[in-house]
Amino acid sequence: MRRLAFFLCCGVATAHADLRLDVPADLAARLRPHLAAESGERRLRQTSTDILATEGYFSPQIAIDTQGHDLLLRIDPGPRTHISSAEVEITGAVTPERLAALRERWLLPVGRPFRQEDWNNAKNQLLSDLLAEEHAAARLLDSLADIDPDTQRAALQVSYDAGPRYRYGELEIDGLYRFRPELVARYNADVRPGKVYRAEEVQALVHALQSSPYFATVRGELDLAQAVSDGEADSLRAPVRLTVQEQPVHRARFGVGASSNTGARVEASYSTIDFLRQAWELDTGVRLEEKRQTFYSDVFLPPMGDGVRYGAGFVAEQSDIEQLRIQRQSVGVQRIEQRGRLEERLSLNWQHEKRQPGDGDWTTSRALVPNVTWTWRKLDQMLDPRRGVVLQLSVGGGTKSLLSDENFLRLYGRSQIYLPIGTRDTLSLRAELGRTFAPSRQHVPQDYLFRTGGTGSVRGYQYQSLGIKEGNATVGGRYLATASIEYTHWLNDSWGAAAFVDAGDAVDALQDARLAVGYGLGARWRSPAGPIGVDLAYGKRSRDLLLHFSLAIPF
């Protein structure tokens, strides 16, 4: 069998090696797989000519010689063809301003090298620009690339029919059985009758409905067949048709599991998306863990017309973590608003807490706490990011003059940064800072103080074991600081290995600050719900070697 070797010449430069091409990298990458698969001199010559033409080389010199068992291919691509003119014609109801903007965005200006792929992309991009706004029936009429190999010039001609201008008509919804159209209207911020049609607004509505708890599938489009005159020349009004499939209304879930923080667990929950037949979302359940037992019930209303959601909830919990026994009940309301990348949560919670450190006495703390939390996210993907930032800031407090046992103000901030390393790996940086301003921590509920340690904070230490010692118990302090650096090397698309260093502590006075350090190695698996991590960490202060496992998704 003959082996293929290539002599490719650019000007007078030549090189010889099996399947090594002395041409620009992009051209070599396109030639290599096609030529290696061909046999026969005629097919080699024709394939080389065709591929070079798509890159703008229309006058190549190709020579094929036989030397023993080697088939030697010499290619001189010749001069490259450049664009000499580009005529873009758009007919239809296009305003002069829009026409000028479309021509300005044309991707193949005069002087650019001609490539078939770029030519196709330019035609498709301009058509996409037309279809994206007002001109939902736009189409490409004709295109011509007139190539002159002798002068290496390409004269481009392309023509489009933009068609009429479209505005939104009424919103027509198919597939609603239990819910009313008013529910869909709560998610609709932009698709209003009379507004200029924009494809991104329809897709934003589809995405919002698809992301809601009410619908399993959603499709949306402008119904051009039902378009009617808008009363203006070359302007039509067409309804927006949504086709939806509703989610099951009631769900019951049962599960078992384990956490390296709180131990083995069993849980049962019930949820409905039509509580009291008001399209309210109810989620209630009980979770029994070795170190904590919780009963909860939350109700969320559908979003208002401006996208704001309101909710209310109740939780009763008891726990025994690091010799600190806590019984608490909490009831609250909250307001959630998403503004681009920024999520804002305003809440008002009343909490009653009883706690007993070790063999000490039970004490009671009560607090009515208004709180605001801002979370800003910029991630390349939500479940498994390689690049991005998440920032969070929370401010809340209570006062003796309004149902609280102590005056306090709690500030908390957290950041998570993801940096891509090479083609696969990721460097993750995390930091937390917290401060509770209060005359004393004694009558502040533990939720508004700080303990740390365990999965998600400082690995190598037991869950919430870093804090203030009261006898043999660990209780919350008024200061918090943690930091983490983790490098993940992905061995393939599913499995990776991680190395990390964590540090942090919770104290009651800055002069007591002494960061506890933990470090170790871990394994990562990309599950459908996000990366699952298993870490073996050594705590330098505790001298413990602990196993941690978690679902490592951004907060």
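Between R441 and D508 there is a salt bridge, since a side-chain N of the basic residue sits under 4.0 Å from a carboxylate O of the acidic one. In summary, E289 and K291 do not engage in a salt bridge, as defined by a charged side-chain N under 4.0 Å from a carboxylate O. Ion pair D320/R292 not flagged as a salt bridge, since none of the NZ, NE, NH1 or NH2 atoms sits closer than 4.0 Å to an Asp/Glu carboxylate oxygen. A salt bridge between D512 and R478 is absent, with no side-chain N of the basic residue lying under 4.0 Å from a carboxylate O of the acidic one. The pair E317-R328 meets the salt-bridge criterion, with a side-chain N (NZ, NE, NH1 or NH2) lying under 4.0 Å from an Asp/Glu carboxylate O. R366 and D405 are joined by a salt bridge, as a carboxylate oxygen and a charged side-chain nitrogen come within less than 4.0 angstrom of each other. Residues D505 and R514 are not paired through a salt bridge, judged by the lack of any N-O separation under 4.0 Å between the basic side chain and the carboxylate. Under 4.0 Å is where a charged nitrogen must lie from a carboxylate oxygen, and between D384 and R524 no such pair does. Under a 4.0 Å N-O distance rule, the pair E337/R335 qualifies as a salt bridge. Using a cut-off of 4.0 Å between Lys/Arg side-chain N and Asp/Glu carboxylate O, K195 and E201 are scored as salt-bridged.
Heavy-atom minimum distance, D129 versus R98: O-NH2, 2.7 Å. Summarising the geometry of L466 relative to G504, their closest heavy-atom pair is CD1-O, 3.8 Å, with the distance given to 0.1 Å. For the pair W490 and S494, the tightest heavy-atom approach, listed with the atom from each and the gap, is CZ3-O, 3.5 Å. Contact detail for G476 and L449: the closest heavy-atom pair is O-CD1, 3.8 Å.
Residue pairs meeting the ring pair (Phe, Tyr, Trp, His ring centres under 6.0 Å) criterion with at least one partner in residues 437-456, sequence neighbours excluded, are F408-Y448.
Each of E344, Q392, E343 was compared with W374 under the side-chain hydrogen bond (donor to acceptor under 3.5 Å, both in side chains) criterion, and only E344 meets it.
Partners of Y519 according to the ring-ring contact (aromatic ring centres under 6.0 Å, His included) rule, which considers only residues two or more places apart in sequence or in another chain, are Y538. For T272, the side-chain contact (heavy atoms from CB on, under 4.5 Å) test picks out V249, H250, Y270, D274, F275, L282, with sequence neighbours left out.
Taking CG of D359 as the start and CZ of R325 as the end, the distance is 6.5 Å to the nearest 0.5 Å.
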| query | Where do R265 and E267 land on the salt bridge (Lys or Arg N to Asp or Glu O under 4.0 Å) test, with the steps shown first? | reply | CA-CA 7 Å; R265 71 174 182 272; E267 58 184 310; 3.2 Å; yes
| query | Going through the distances and angles, do D493 and R424 end up as a salt bridge (Lys or Arg N to Asp or Glu O under 4.0 Å)? | reply | CA-CA 9 Å; D493 291 339; R424 287 180 179 268; 3.6 Å; yes
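Geometric assessment of R459 against the ring of F500 yields a positive cation-pi assignment under the 6.0 Å and 45° thresholds.
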